[in-house]
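So the structure is just underneath, and the comments pick up after that.
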Amino acid sequence: MVIYQMVHLTCYLLTFVVAVHFWAPTFKWGISIANVADFAKPPEKISYPQQVAVACTGVIWSRYSMVITPKNWNLFSVNVAMAGTGLYQLSRKIRKDYFSDQKDDVASLEG
């Protein structure tokens, strides 16, 4: 009986690891990791369309991953990370473009 349960569990885990339900979100972590690496990038080099796409993708797919059956927690966690990093990058860009001091702009023009 115990051997049957172990074989059944092993087959289930192998089926899950081979399925797209595991690998698609796992590879999607690369986008979030790249976005975290871009935190060191100056805000001038951040792209609005790219970060809006990352943030919206994260929000939409986070919701979807909780609606489907069975719930895909790997998909949920990667999309929460995508939404968080995308929103953070957008906030950096907006702060730089719209809320930076005029003194910084004048100083950069002078010298």
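The first residue of the sequence shown is numbered 1, and numbering continues consecutively from there.
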**OP:** Might you point out which heavy atoms bring Trp29 and Ala81 nearest each other, and give the distance in Å?
**Re:** CZ3-CB, 3.6 Å
Original post:
Quick check: are there more than 12 heavy atoms from other residues, nucleotides or ligands sitting under 6.0 Å from CZ of Arg63?
Top reply: no
Original post:
Do Asn79 and Ser62 get their side chains close enough for a donor-acceptor pair, meaning under 3.5 Å?
Top reply: no
**OP:** Can you see which heavy atom on Arg92 is nearest to which on Asp38, and at what distance?
**Re:** NH1-O, 3.4 Å
Original post:
Between Thr57 and Lys28, what is the shortest heavy-atom contact and its length?
Top reply: CG2-NZ, 3.8 Å
Original post:
Do the non-hydrogen side-chain atoms of Asn35 and Met82 ever get within less than 4.5 Å of each other?
Top reply: no
**OP:** State yes or no: do Val36 and Tyr88 share one hydrophobic cluster built from I, L, V, M, F, W and Y residues joined by side-chain heavy-atom distances below 4.5 Å, directly or via other members?
**Re:** yes
Original post:
Under a 4.5 Å side-chain heavy-atom rule over Ile, Leu, Val, Met, Phe, Trp and Tyr, are Phe99 and Ile46 clustered together?
Top reply: no
Original post:
When hydrophobic residues are tied together by side-chain contacts of less than 4.5 Å, even through go-betweens, does Val52 share a cluster with Ile94?
Top reply: yes
Original post:
So, for Lys93 and Pro43, which heavy atoms are closest and what is the spacing to 0.1 Å?
Top reply: CD-O, 3.1 Å
Original post:
Does any donor atom in the side chain of Thr26 or Asn74 lie under 3.5 Å from an acceptor atom in the other side chain?
Top reply: yes
Original post:
Nearest heavy-atom pair of Val78 and Pro25: which atoms, and what distance?
Top reply: CG2-O, 3.8 Å
**OP:** Measure the shortest side-chain to side-chain distance between Leu87 and Gln51 over non-hydrogen atoms and say whether it is less than 4.5 angstrom.
**Re:** no
Subject >> Residue Tyr48 excluded, over 12 heavy atoms near OH under 6.0 Å >> reply: yes
Original post:
Can you name the closest pair of heavy atoms from Leu75 and Ser65 and give their distance?
Top reply: CD2-CB, 3.6 Å
Subject >> Any side-chain heavy-atom pair of Trp61 and Phe76 under 4.5 Å >> reply: no
Original post:
CD/Gln89 to CD/Gln50 distance, rounded to the nearest 0.5 angstrom?
Top reply: 8.5 Å
